[in-house]
Every structure is written in structure tokens, then in C-alpha cells.
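Each remark here refers to the structure printed beneath this line.
All chains are named by letter (A, B, ...) in the order of the sequence lines, taking the proteins before the strands, and each is independently numbered beginning at 1. What's counted below: heavy atoms across the whole structure, side chains too, no hydrogens, waters or symmetry copies.
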Amino acid sequence: MDDLNDQIAQRLKKLDQLRRLGIDPFGGKFDVQDRAGDLIARYGTATKDALEQKPVTTTIAGRVIALRWFGKAAFVSLQDGVDAIQVYLKKDVLGEQGFALAGLLDIGDWIGVSGRLFRTKTNELTVEVKQLTLLCKALRPLPEKWHGLTDVETRYRQRYVDLIANPEVKRIFITRGRIIQAIRTFLVGKGFLEVETPMMHQIPGGATARPFVTHHNTLGVDLYLRVAPELYLKRLIVGGLNRVFEINRNFRNEGISTIHNPEFTMLEFYMAYADYTDLMPLTEELIVELVETVHGKGTQTVPYCLHPNDEKTTTLSFTRPWKRISYRAAIADRLGATLQQITDPAYVLSQAKKHQCDLKGGESYWQLMVLLFEQVVEPTLIQPTFITDFPVEISPLAKRKAHNPELTDRFELYIATREIANAFSELNDPLDQRKRFEAQMAERAKGDLEAQRLDEDFLRALEHGMPPTAGEGIGIDRLVMLLTNQTSIRDVILFPQLRPEK
RNA sequence: GAGCCGGUAGCUCAGUAGGUAGAGCAUCGCCCUUUUAAGGCGAGGGCCCUGGGUUCGAGUCCCAGCCGGCUCACCA
């Protein structure tokens with residue numbers, strides 16, 4: 001222990017004293033009879049008299065998070081999961097042996113207790129401990145009880161301490177788990193099969209992003225951590241698994257921010273015989289289901305702070321149906337332009353200049369439109385909105401619109417200015433897909449490190465025939481942020497990526 | 001990657017004008033058998049992020065770096 005301080009030294013001293021008393025400071029199996037939460041639920045309203053007339057005995061375990069001494073007695077706050085219950089240690093009930101152990105307890109220790117329930121003078125439901133068992137001695141002190149642990153760096157680096165000291169953090173991660181469970185239940189209920197596809201790719205594909213590179217020693221090849229599972233999931237559709245989904249990590253070698261972690265969790269699902277229009281009501285249904293999972297049955301609105309230091313909370317309304325507007329119409333709307341004007345490249349260029357888009361010169365019409373969309377439309381998309389009909393330039397894996405080959409059968413769902421879902425009718429024309437890959441490779445050759453690579457095996461799969469299919473990806477971390485009202489992705493990822501310590 | 005803010009005891013934070021480093025909680029000792037931020041009395045605990053510089057003297061001023069937060073840019 002490099003940073004040995006007096007508090008650790010004191011606890012090590014107590015460790016010796018415990019061993020001299022014949023007590024194993026690191027305990028063993030303990031038969032827990034009740035959970036603190038259950039006791040509170042069951043006896044939270046039981047009166048003092050009722051508990052005396054019909055005594056209730058219980059055996060519970062947990063971590064000591066507060067310890068208040070009164071000479072020959074002490075009150076302990078025992079944390080058991082998200083709940084805490086008070087236990088009372090009294091010399092004449094515990095006996096000499098038990099009381100000696102009690103005297104060596106510290107905040108942070110794990111204990112098991114047996115005894116009867118009673119109410120204190122202040123009417124708090126409390127366990128009067130007859131039998132005290134040490135389950136594990138903690139050697140390090142916990143943060144202060146009142147302010148807790150607030151240093152963000154320590155919270156992320158030592159999440160275990162954060163989880164102990166900040167109950168709301170624990171709640172967020174429990175909610176995250178419930179959200180993911182609810183997604184699985186929802187999709188399985190719709191006939192989807194959960195699958196796992198490779199995380200290590202020989203050709204990273206399925207998204208425009210820079211990959212992480214690693215190396216396989218025996219094969220003697222470099223492998224890439226996947227940026228998306230898309231191309232593998234579509235291979236499964238080719239193989240006849242008509243409805244598949246995967247919830248797993250993607251890795252993108254990019255910057256880190258409040259909405260970006262290098263590894264993030266993505267849901268992707270693919271549905272044969274469907275198109276992107278089928279996915280809009282499905283997405284509404286799924287997300288409303290998740291809103292209800294988190295906020296309760298029948299909930300239509302969710303409070304959300306758009307920025308960390310925002311005083312005011314925005315109310316997000318999930319009442320169906322959600323707004324749908326095409327990419328082009330959304331831009332025209334914001335610019336106050338007609339659909340006629342917005343097709344004019346000169347007009348679009350002038351607007352891009354007017355709205356301070358980051359122009360390098362020589363942008364195509366659609367490149368300008370993409371810049372304008374980000375600049376003027378995205379920040380306004382607070383309420384759930386489906387943006388449809390994306391330009392083919394930025395949709396290399398999506399089917400073209402039947403009546404307009406410049407556009408694709410695609411939508412993105414925006415909530416609180418962020419892209420939450422991305423879906424399209426999957427391109428199943430292997431000849432067009434090859435051209436799209438070639439166009440991407442041309443971009444790569446020009447120095448675009450994020451452009452996609454040509455994947456011969458994927459093309460071979462498409463050549464075997466992929467039924468018309470609709471596919472969608474949902475960024476789980478950002479969705480969890482929305483549903484738990486968190487403004488930083490690090491608050492919904494247990495161990496966010498940080499620079500090495502020291 | 002750029003800008004702004006921060007790093008002082010285990011934790012949360014003060015630190016005046018550049019002049020011996022403080023509080024609360026936690027810890028240790030004593031008192032206390034119904035408290036809940038328990039209380040009372042006493043005590044210990046510091047690489048003031050790191051490295052340079054200015055100065056008689058730096059937690060404080062200057063420069064560089066490390067780590068973090070926020071904002072912006074790219075990405076989901």
C-alpha cells in the first residue's frame with residue numbers, strides 16, 4: 001500500500017486485534033435471510049407496539065456506512081444494495097464477545113447481523129443485534145458522509161467508491177441494466193434472435209469511423225476492433241436468419257467528450273421483408289416501452305437538461321406519433337426557404353456562408369446541405385423527430401429512393417439535439433453496393449481516414465441475395481443518458497475511458 | 001486538437017496584500033446504552049499536482065508540463 005496513511009494504519013492494527021480475538025477479518029459465507037429494502041417495505045409502517053407484541057427476527061448483511069457511538073452502544077447505518085437500514089449494537093444484548101467485535105468496526109466494513117426489529121424513540125425501524133458477524137474488514141476510509149465523493153476524476157477512476165458513496169449513481173446503473181433488459185425482451189417478443197458477431201474485424205466496416213488496430217500473433221495479421229456490426233448482421237440475413245439483433249460494444253478511435261467514449265454500446269437490429277417506414281412505428285413503440293420501464297407505466301414525458309450547467313429542464317414528450325420531416329424539408333423550414341429554392345446550389349451555398357458553415361471550398365450541393373443541416377437544423381431538434389430521406393453521399397449502405405436516386409430510404413431519430421437512432425432500407429443490390437464502396441475507397445485515397453473500405457466477402461454475401469431488409473442502430477449510452485437525465489456519457493458508463501493515472 | 005476553469009489533510013473545502021498551512025467530517029484518546037451530519041473535552045495527520053523561475057521569503061506571482069472538468073471542432 002503505497003499511500004499508507006494513519007487511517008489505513010489504524011485499520012491494519014484492528015485487523016491484528018481481530019485475528020487475536022480469533023475472528024477472520026475477511027469472513028466467509030453468510031446466510032442472508034432478508035434484504036434491507038424488503039424489511040422496509042414489509043415493516044416500514046409497523047408500529048412500535050406491533051413489533052413488540054409480535055416480534056420479528058431477521059438476518060441481514062451489508063456495509064457499514066455510518067457509525068454513531070454512545071459508550072456501550074452504537075447505531076450503524078447498514079447499506080444493503082440501494083437501501084440502508086439502521087442496526088443497533090448494545091453491549092448487554094450482544095454480550096462481551098460481540099461487543100468486542102463491535103468496538104473494532106469501521107465505516108466501510110461488511111457485516112452480517114441477526115436480531116429483532118424495533119422502533120427507536122425517533123420511530124426509526126431498527127434491528128437490535130443479537131449476533132454480529134464480520135464479513136469483511138475495509139482497509140481504506142470512505143469519503144465524508146455529508147458531501148460524499150464529488151471529485152469527478154476519482155468518481156470515474158474509482159467507480160467502486162462512487163457506487164458506495166453516491167446512491168443515485170447506483171440507481172443510474174441499475175436503470176441502465178433494466179433498459180437493456182427491456183430492449184431484449186421487446187425484440188425477442190417481436191421474433192428477433194439475439195446474436196453475437198465478431199468484435200475483431202479483418203476489414204472494419206459498417207460505419208464511417210477510424211478503427212483501433214490490434215494484432216493477432218499466431219495468424220500474424222493486424223485486426224481491427226469493430227466500428228459497427230452491420231455488415232456481419234446483414235450476412236446473417238443473407239443466411240436466412242430473418243430477424244436478428246445484437247447489443248454490444250463498438251470501438252471508434254476518435255475524440256473523447258461528454259457524448260463520446262471510445263467504446264460504446266450499440267443496439268443493431270435487422271428485419272427481413274421490411275423497409276425503413278416499418279421501423280418508425282417500431283422505434284416509437286420500443287422507446288415508449290423504455291420510457292415506461294424507467295419512469296412508470298403510462299408516462300409520456302421525460303425531464304431532460306440539455307447542458308450540464310443548465311438551470312432549466314426541458315420536457316421531452318414521447319406521445320406518438322412523432323414528427324417526421326425529410327432532410328431537405330427540415331433545412332428549408334429552418335431557412336424559411338421553399339422546396340424550390342433549396343434545390344438551387346447557389347442558394348444553398350449562400351445560406352451556408354450566411355450561417356457560418358465551416359467551408360473549405362469546392363463542396364458539392366449535398367456536402368453543403370449536410371453542413372447546413374448540422375448548423376441550422378440539429379440544434380433545434382429537441383422533441384423526438386424522424387428526419388427522413390438522407391442524401392446517398394452520406395449513406396453508403398442504404399437503398400436509394402425509388403423515385404430519386406440522390407436520396408435514400410433512411411431516417412435518423414433525433415431527441416434533444418442528438419441522433420439516437422439511425423435506420424434504413426438496406427442496400428441489397430450487390431452491384432450498386434460495389435460502386436458505393438468504390439466511391440468510399442476513392443474518398444480514402446483522397447485522405448479521408450474515416451471512409452469505408454471495400455469488403456469483398458460482404459459483396460459475395462450480397463451476391464447470394466439478401467431479401468429486402470430494414471436495419472436500425474440505436475446508441476444505448478446516449479439513450480440511457482436521455483432516460484436518466486444525465487448530461488455526460490461518463491455518468492452512464494461504469495468505467496469511462498480516461499488517461500492513465502499518473 | 002483550441003479556449004476557459006480547477007488540482008491544498010483520507011473526504012469536502014477555506015487560505016486575506018507574497019511573511020510559521022486552516023476548518024468541518026473522518027482518524028486516535030477520554031466521557032456517554034435510543035442516535036441519525038449525535039454531543040462534550042483533548043490529540044495526531046500536509047511532496048499545497050510536477051519541474052523550473054522571480055523574490056530575503058512562493059500554496060499565493062511568472063513559465064513549462066501532467067491530470068481532470070466544461071465549451072468548441074470531428075464522430076454515435
Side-chain angles (χ1 to χ4, degrees), chain A residues 3-11 13-14 48 65-77 84-94 99 102 106-108 118-126 128 138-158 161 164-165 206-210 227-228 250-268 307-310 357-358 371 374-375 394 412-414 418-422 448-450 473-479 481 487-490 496 498-502:
Chain A
D3 52 354
L4 189 102
N5 60 47
D6 62 326
Q7 307 211 31
I8 290 173
Q10 286 297 338
R11 285 163 185 249
K13 202 171 118 192
K14 288 175 187 171
K48 191 182 178 85
I65 52 165
L67 191 52
R68 296 177 287 277
W69 272 104
F70 292 85
K72 296 183 179 61
F75 286 97
V76 172
S77 299
I85 192 165
Q86 178 167 271
V87 308
Y88 187 43
L89 305 173
K90 196 157 74 153
K91 188 175 182 183
D92 52 19
V93 177
L94 274 173
F99 191 71
D106 283 305
I107 290 166
F118 76 109
R119 284 193 178 277
T120 61
K121 279 180 186 168
T122 51
N123 210 35
E124 175 152 354
L125 187 68
T126 303
E128 186 187 66
L139 297 181
R140 288 178 182 269
L142 285 177
E144 187 215 358
K145 59 187 166 193
W146 192 239
H147 300 91
L149 178 66
T150 60
D151 182 88
V152 241
E153 184 174 353
T154 313
R155 285 188 46 226
Y156 298 148
R157 288 193 197 279
Q158 302 179 33
V161 181
I164 299 164
T208 47
R210 293 181 67 179
V227 294
N250 288 347
F251 306 86
R252 298 191 186 170
N253 210 337
E254 288 153 358
I256 296 176
S257 77
T258 44
I259 50 169
H260 297 93
N261 196 60
E263 55 180 302
F264 61 99
T265 301
M266 189 83 171
L267 160 68
E268 285 201 12
H307 298 289
N309 300 320
D310 255 6
C357 292
D358 183 23
L371 291 172
E374 285 165 3
Q375 195 77 1
I394 56 170
E412 283 189 355
L413 169 65
Y414 279 84
R418 291 197 198 110
E419 180 195 332
I420 295 297
N422 177 19
D448 181 355
L449 295 170
E450 291 184 354
I474 298 181
I476 297 300
D477 310 282
R478 288 186 186 174
L479 184 62
M481 286 170 69
T487 53
S488 171
I489 202 167
R490 296 183 195 101
L498 299 173
R499 282 197 169 78
E501 200 175 354
K502 265 220 160 151

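Phosphate contact (OP1/OP2 of B:C70, side-chain N/O of A:Arg490, threshold under 4.0 Å): present. Within the 4.0 Å cut-off from OP1 or OP2 of B:C13, at least one side-chain nitrogen or oxygen of A:Thr150 is found. Note on A:Arg11: every side-chain N or O is 4.0 Å or more away from OP1 and OP2 of B:G10. Put simply, A:Arg499 has a side-chain N or O that comes within less than 4.0 Å of OP1 or OP2 on B:G68. One finds a side-chain N or O of A:Lys14 lying less than 4.0 angstrom from the OP1 or OP2 phosphate oxygen of B:C28. An OP1 or OP2 oxygen of B:G69 is reached within less than 4.0 angstrom by no side-chain nitrogen or oxygen of A:Thr258.
For the residue pair A:Glu412 and A:Tyr414, the shortest heavy atom distance occurs at OE1-OH, 3.0 Å. Shown here for A:Phe99 and A:Ala73, the closest heavy-atom pair between the two residues is CE1-N, 4.2 Å.
Here the side chain of A:Asp106 is nearest to one of B:U34, B:U33, B:U27, namely B:U27. The nucleotide whose nearest atom lies closest to any side-chain atom of A:Glu153 is, among B:G44, B:C28, B:G68, B:G68. Here the nucleotide nearest the side chain of A:Pro143, chosen from B:C11, B:U34, B:C67, is B:C11. The A:Thr126 side chain lies nearest to B:U35 when the options are B:U35, B:G10, B:G68.
A:Arg155 comes within 4.0 angstrom of no nucleic acid atom, judged by non-hydrogen atoms across all strands. The residue A:Glu419 sits close only to the backbone: its heavy atoms come under 4.0 Å of sugar-phosphate atoms, none of a base. At the heavy-atom level, A:Gln10 lies under 4.0 Å from the strands shown only through sugar-phosphate atoms. When heavy atoms are screened at a 4.0 angstrom cut-off, A:Leu498 is found touching the sugar-phosphate backbone but no base atom. Residue A:Asn123 is out of contact with every strand shown, counting any heavy-atom pair closer than 4.0 Å. Residue-level contact check: A:Tyr156 touches the backbone only, with heavy atoms under 4.0 Å from sugar-phosphate atoms and none from bases. Within 4.0 Å of A:Asp151, counting heavy atoms only, lie sugar-phosphate atoms of the nucleic acid but no base atom. Residue contacts shown for A:Lys48 are absent, as no nucleic acid heavy atom lies under 4.0 Å away. Among the protein residues, A:Gln86 comes within range of the nucleic acid bases, having at least one heavy atom under 4.0 Å from a base atom. Residue-level contact check: A:Gly475 touches neither bases nor backbone, having no heavy atom under 4.0 Å from any strand. Within 4.0 Å of A:Gly148, counting heavy atoms only, lie sugar-phosphate atoms of the nucleic acid but no base atom.
Under the stacking definition used here (centres under 5.5 Å, planes under 30°), the residue A:Phe70 fails to qualify as stacked on the base of B:C32.
Comparing B:C49 with B:G57, their C1' atoms sit 23 Å apart, to the nearest whole Å. With P as the reference atom, B:A17 and B:C61 are 11 Å apart, rounded to whole Å.
For A:Asp92 against B:U33, a side-chain N or O and a base N or O form a donor-acceptor pair under 3.5 Å. Put simply, the side chain of A:Gln7 and the base of B:A26 share a donor and an acceptor less than 3.5 Å apart. For a distance-only test at 3.5 Å, the side chain of A:Asn5 fails to qualify as a donor-acceptor partner of the base of B:G45.
A:Lys13 NZ: 12 or fewer foreign heavy atoms inside a 6.0 Å radius.
Remark: B:A9 base-pairs with no nucleotide in the shown strands. Criterion, Watson-Crick or G-U wobble with two distances under 3.5 Å. In a base pair of the Watson-Crick type (N1 to N3 plus N6-O4 or O6-N4) or a G-U wobble (N1-O2 and O6-N3), with each distance short of 3.5 Å, B:G19 is matched with B:C56. As the counterpart of B:U27, B:A43 is assigned, both hydrogen-bonding distances of the Watson-Crick or G-U wobble pattern falling under 3.5 Å. In this structure, B:C70 forms a base pair with B:G3, meeting either the Watson-Crick or the G-U wobble geometry with both donor-acceptor distances under 3.5 Å.
Between the NZ atom of A:Lys90 and the P atom of B:C32 there is a distance of 16 Å, given to the nearest Å. For the pair A:Trp69 CH2 and B:U34 P, the computed distance is 13 Å after rounding to whole Å.
In this structure, the side chains of A:Thr487 and A:Met481 stay at 4.5 Å or more apart for every pair of heavy atoms. For the pair A:Arg119 and A:Leu125, the minimum side-chain heavy-atom distance is below 4.5 Å.
In terms of position along RNA chain B, the nucleotide closest to A:His147 lies nearer the 5' end than the nucleotide closest to the other residue of the pair A:His147 and A:Ser77. Comparing A:Ile256 and A:Pro262 by the nucleotide of RNA chain B that holds the closest heavy atom to each, the one mapping nearer the 5' end is A:Ile256.
We find the CG-CZ distance between A:Leu498 and A:Arg490 to be 7.0 Å, quoted to the nearest 0.5 Å.
With respect to A:Ile489, the side-chain contact (heavy atoms from CB on, under 4.5 Å) criterion is satisfied by exactly one of A:Thr258, A:Ile256, A:Asp477: A:Asp477.
A:Phe118 and A:Tyr88 have tilted rings, their planes meeting at an angle from 30° to 60° on a 0 to 90° scale.
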